[in-house]
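For reference, the structure is listed below as structure tokens.
In what follows, every chain begins at residue 1, and chains take the letters A, B, ... in the order their sequences are listed.
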Amino acid sequence: MNREVRVRFAPSPTGGLHIGGVRTALYNYLFAKKNNGKFLLRVEDTDQTRFVPGAEEYIKDALDWLGITPDESPWVGGSVGPYRQSERKEMYMEYAMDLVEKGHAYYAFDTSEELDAMRERLTAARVVSPQYNSITRTQMKNSLTLPEDEVKERLASGEPYVIRIKIPRKEEVRLNDMIRGWVMVHSSTLDDKVLMKSDGMPTYHLANIVDDHLMGITHVIRGEEWLPSAPLHVLLYRYLGWEDTMPQFAHLPLLLKPDGNGKLSKRDADKHGFPIFPMDWKDPKSEEVAIGFKEQGYLPEAMINFLAFLGWNPGDHREMFTKEELVEAFTVERIGKSGTKFDINKAKWYNEQYLRAKSDGELAAYLMDDLKKEGIELSPEKAERIAGLMKERATFPADLWKEGKFMLIAPAEFDEKVAEKRWNNDAVSVLSTYKGKINALEGDLDPVQAKSLLEESASENELKLGKVMQAVRLAVTGVGAGPDLMEVFAIIGKEELSKRIDFALDTLKVNA
RNA sequence: GGUCCGUUCGUCUAGGGGUUAGGACGCAUCCCUUUCACGGAUGAAACACGGGUUCGAUUCCCGUACGGACUACCA
């Protein structure tokens, strides 16, 4: 039997989508495409208390931005919907009842106070792990300890209850993880997890098994934080009678803090000043906005490439991959086992690579957008020239303007360190001569002319150009670094150039 | 604490019983150059530790240490 590969990304709409979640989605996507399968998205919203408005829409937009588009989802539908667990609510009880009838699950009536008391009691008795399990359930209020008619009575009276799985006392539970190999856990260390909550909603554990089965999921690729509960899931597949079509599991290594250790969190992102969400996320309650990769200037293709390499590699020395190339190269065998520290430097490097690969025209569009916000008009031709000059030194599209401001705005002050070192009488002489030549020029200034006139100005003063070049740059741009000066001159134009030289000559003083 | 997972340069990683342990980011130096950047070249930089197995272990096994995840009527 060769089933169609079907994988799913199952986020919970409780806030902005964490970058680790995005990576999980990407790996699912790549795996599906590589195997000519389907990538589905299912919204896991069984916890009504944690519902956050806008979160689901955010997940959709973020994935769209990156091009990790599900084949089936709440938004486009599909043949095994609905794709929101809250809308599948009615489906779960049937399976929970099936488990109860088979003796693999039971009703429990304990209140949260009683559960707390139980845990306290066990802790006081120095029990290593206080949990609801094969031992302790005999002392709690459930359908295993209560007389049958009392159970019926309680149920009939509408008393709140949960349904718990009945974990066997002694059993070795094994699963073959695609990344980690065989993982074995003894059932005595598992607890009787709640399957159905008292509000009638299933917990993640039941819902994810039922849905994955009903949706024909063949491979579950998810974060490592799920590994400890995977044996429970195996047991559920077995008890539900679905073991022969149980998906294969692949538990991804976690994304770690850049310094020290631990799971990457929003806190780390704030601390180091880099994003952790794909796009800006505004918390509807606190109104706080968390910066996104998109708004920071990261390109989607750079993000994809960067994210893919956080825990995976192609096995050769290639670094640059388009999404299509990733699909081609991707295998779960090449996913690493150990946690990955988040290195924003690498993300920046990828962004620079993709930024430089863009045409001057594309970049000019970014630049003109930024300029519009500043109220500056610029011809597309000029924008393109500036973009071409600046792109080698930009990390983000916004740098085109930030670092290239001087091409459109005359300096109001000059870098003092450079002035101190380079500004001298020679510079004054050359610039004075040069200004005369510029003013006398007919027609537009082009880089070749700009240079030959400058060379003439230097030799007429019996100086070498190199001696004064830095001073010239300082005079015109205000700073000591930047792209080819002659190109800059041409963009600035002769009138403006002449004005700037005047201003510099007036403002800068020669040190005695 | 318990259960599970992990550990190769600062970081991401390749490799795998015998290698000068390879690449990338970052860092340093040099070259290019009107500066900075780009680009090119070079360099510093790693197999956590202890026992086995073996002629030989970074590689296989077992411990130890360290790190992480999980331990809710959250996912």
Inset, instruction - Between B/rC5, B/rU13, B/rA69, spot the one nearest the side chain of A/L227, thanks. - result: B/rC5
Inset, instruction - Tell me which nucleotide among B/rA75, B/rG26, B/rC70 gets nearest to the side chain of A/P228. - result: B/rC70
Inset, instruction - Give a yes or no on this: more than 12 heavy atoms of other residues, nucleotides or ligands lie within 6.0 Å of atom CZ of A/R267. - result: no
Inset, instruction - Let me know the distance between CE of A/M118 and C1' of B/rA72, rounded to the nearest Å. - result: 11 Å
Legend entry - Euclidean distance for C1', B/rC12 against B/rG50 (whole angstrom): 29 Å
Legend entry - Residue A/D47, side-chain heavy atoms: nucleotide from B/rU34, B/rC74, B/rC38 that is nearest: B/rC74
Legend entry - Phosphate OP1/OP2 of B/rC70 contacted by A/K263 side-chain N/O (<4.0 Å): yes
Legend entry - Under 4.0 angstrom between A/R334 side-chain N/O and B/rG15 OP1 or OP2: yes
Inset, instruction - Could you tell me whether the phosphate oxygens of B/rU11, OP1 or OP2, come under 4.0 Å of any side-chain nitrogen or oxygen in A/K341? - result: yes
Legend entry - Nearest-Å distance once atom C1' is located in both B/rA46 and B/rA21: 9 Å
Legend entry - Base-pairing mate for B/rA69 - Watson-Crick or G-U, with both contacts under 3.5 Å: B/rU3
Legend entry - Any donor-acceptor pair under 3.5 Å from A/T24 side chain to A/G20 backbone: yes
Legend entry - Nearest-nucleotide pick for A/E224, side chain only, options being B/rU34, B/rA75, B/rG68: B/rG68
Inset, instruction - For the side chain of A/S338, starting at C-beta, report the closest nucleotide among B/rU71, B/rU8, B/rA24. - result: B/rU8
Inset, instruction - Rounded to whole angstrom, note down the C1' distance from B/rU8 over to B/rG40. - result: 29 Å
Inset, instruction - Could you work out the separation of B/rG15 and B/rU20 based on their C1' atoms and round it to a whole Å? - result: 15 Å
Inset, instruction - Would you mind classifying the nucleic acid contact of A/P483 as base, sugar-phosphate or nothing, using non-hydrogen atoms under 4.0 angstrom? - result: base
Inset, instruction - Kindly state each residue pair satisfying ring-ring contact (aromatic ring centres under 6.0 Å, His included) with at least one member in residues 385-410 of chain A, sequence neighbours excluded. - result: A/Y298-A/F396
Inset, instruction - Assess whether salt bridge (Lys or Arg N to Asp or Glu O under 4.0 Å) is satisfied between A/E44 and A/R42, documenting all intermediate values. - result: CA-CA 6 Å; A/E44 309 237 324; A/R42 182 176 69 227; 2.8 Å; yes
Legend entry - Which atom of A/A450 lies closest to which atom of A/Y434, heavy atoms considered: O-OH, 2.9 Å
Legend entry - B/rU42 - base-pair partner by Watson-Crick or wobble geometry, distances under 3.5 Å: B/rA28
Inset, instruction - Ignoring backbone atoms, establish whether A/K197 has a side-chain N or O less than 4.0 Å from OP1 or OP2 of B/rC74. - result: yes
Legend entry - Counter-base of B/rU64, judged by Watson-Crick or G-U geometry with both distances under 3.5 Å: B/rA48
Legend entry - Distance in angstrom units between A/L254 CG and B/rG68 P, rounded: 11 Å
Inset, instruction - In whole angstrom, give me the gap between the P atoms of B/rU59 and B/rC49. - result: 10 Å
Inset, instruction - For A/H272 and A/F274, indicate whether the former's side chain and the latter's backbone hold a donor-acceptor pair under 3.5 Å. - result: no
Inset, instruction - Consider the side chain of A/H317, meaning its heavy atoms from C-beta on, and name the nucleotide among B/rC25, B/rA75, B/rG22 that approaches it most closely. - result: B/rG22
Inset, instruction - Identify, between A/G336 and A/R50, the residue whose nearest nucleotide on RNA chain B lies closer to the 5' end. - result: A/G336
Inset, instruction - For B/rU20, give its Watson-Crick or G-U wobble partner with both distances under 3.5 Å, or none. - result: none
Inset, instruction - Would you indicate, yes or no, if B/rC25 has its OP1 or OP2 atom less than 4.0 angstrom from a side-chain nitrogen or oxygen of A/N345? - result: no
Inset, instruction - Taking only the side-chain nitrogens and oxygens of A/T340, find out if one of them lies under 4.0 Å from OP1 or OP2 of B/rU11. - result: no
Legend entry - A/I209 CD1 to B/rA75 P, straight-line distance once rounded to whole Å: 12 Å
Inset, instruction - State, without any angle test, whether A/D45 and A/S12 hold a side-chain donor-acceptor pair at a distance under 3.5 Å. - result: no
Inset, instruction - Please work out if A/R119 contacts a base, only the sugar-phosphate, or nothing of the nucleic acid, heavy-atom cut-off 4.0 Å. - result: sugar-phosphate
Inset, instruction - For A/R164, answer base if it contacts any base atom (sugar-phosphate contacts may also be present), sugar-phosphate if it contacts only those atoms, and nothing otherwise; contact means non-hydrogen atoms under 4.0 Å. - result: sugar-phosphate
Inset, instruction - Would you indicate which nucleotide in B/rU35, B/rA37, B/rU11 comes nearest to any side-chain atom of A/E392? - result: B/rA37
Inset, instruction - Select one nucleotide: of B/rG23, B/rA75, B/rU34, the one nearest the side-chain heavy atoms of A/E319. - result: B/rG23
Inset, instruction - Would you mind reading off the distance between A/K337 atom NZ and B/rC5 atom P, rounded to a whole angstrom? - result: 12 Å
Inset, instruction - Taking only the side-chain nitrogens and oxygens of A/T46, find out if one of them lies under 4.0 Å from OP1 or OP2 of B/rA75. - result: yes
Inset, instruction - Please say whether the positively charged group of A/R356, taken as NZ for Lys or CZ for Arg, lies over the ring of A/Y354, i.e. under 6.0 angstrom from the six-membered ring centre and within 45 degrees of the axis. - result: no
Inset, instruction - Please determine if A/D360 and A/R385 form a salt bridge, counting it only when a charged side-chain N lies under 4.0 Å from a carboxylate O. - result: no
Inset, instruction - Could you please name the option among B/rG26, B/rG68, B/rU3 that lies closest to any side-chain atom of A/W349? - result: B/rG26
Legend entry - Under-4.0 Å side-chain N/O to phosphate OP1/OP2 contact, A/R126 with B/rG1: no
Legend entry - Rounded C1' spacing from B/rC27 to B/rA48 in Å: 24 Å
Inset, instruction - Rounded off to whole Å, could you give me the CZ-to-P distance for the A/F342 and B/rC25 pair? - result: 18 Å
Legend entry - Residue mapping more 5' on RNA chain B - nearest nucleotide basis, A/D199 or A/D316: A/D316
Inset, instruction - Establish, yes or no, whether the cationic atom of A/R164 lies under 6.0 Å from the six-membered ring centre of A/Y106 and within 45° of the ring axis. - result: no
Inset, instruction - Please confirm whether A/Y58 and A/W281 have ring centers closer than 6.0 angstrom. - result: yes
Legend entry - Nucleotide of B/rC74, B/rC25, B/rU35 approaching A/T203 most closely (side-chain heavy atoms): B/rC74
Legend entry - Distance, rounded to the nearest Å, where A/M469 contributes CE and B/rU35 contributes C1': 9 Å
Inset, instruction - Please state how far atom CG in A/L264 lies from atom P in B/rG68, giving the value in whole angstrom units. - result: 14 Å
Legend entry - B/rA45 to B/rU11 separation - C1' atoms, rounded to the nearest Å: 12 Å
Inset, instruction - State whether the distance check finds a donor on one side and an acceptor on the other, under 3.5 Å, for side chain A/K346 versus base B/rA24. - result: yes
Inset, instruction - Check A/R23 against A/L310 and note the closest heavy-atom contact, atom names and distance. - result: NH1-O, 2.6 Å
Legend entry - Nucleic acid contacts of residues 166-186 of chain A, taken as heavy-atom distances under 4.0 Å to RNA chain B: A/R180, A/V183, A/M184, A/V185
Inset, instruction - Could you tell me the separation between the NE2 atom of A/H205 and the C1' atom of B/rC70, rounded to a whole number of Å? - result: 10 Å
Legend entry - Atom C1', compared across B/rU19 and B/rU58: separation rounded to whole Å: 11 Å
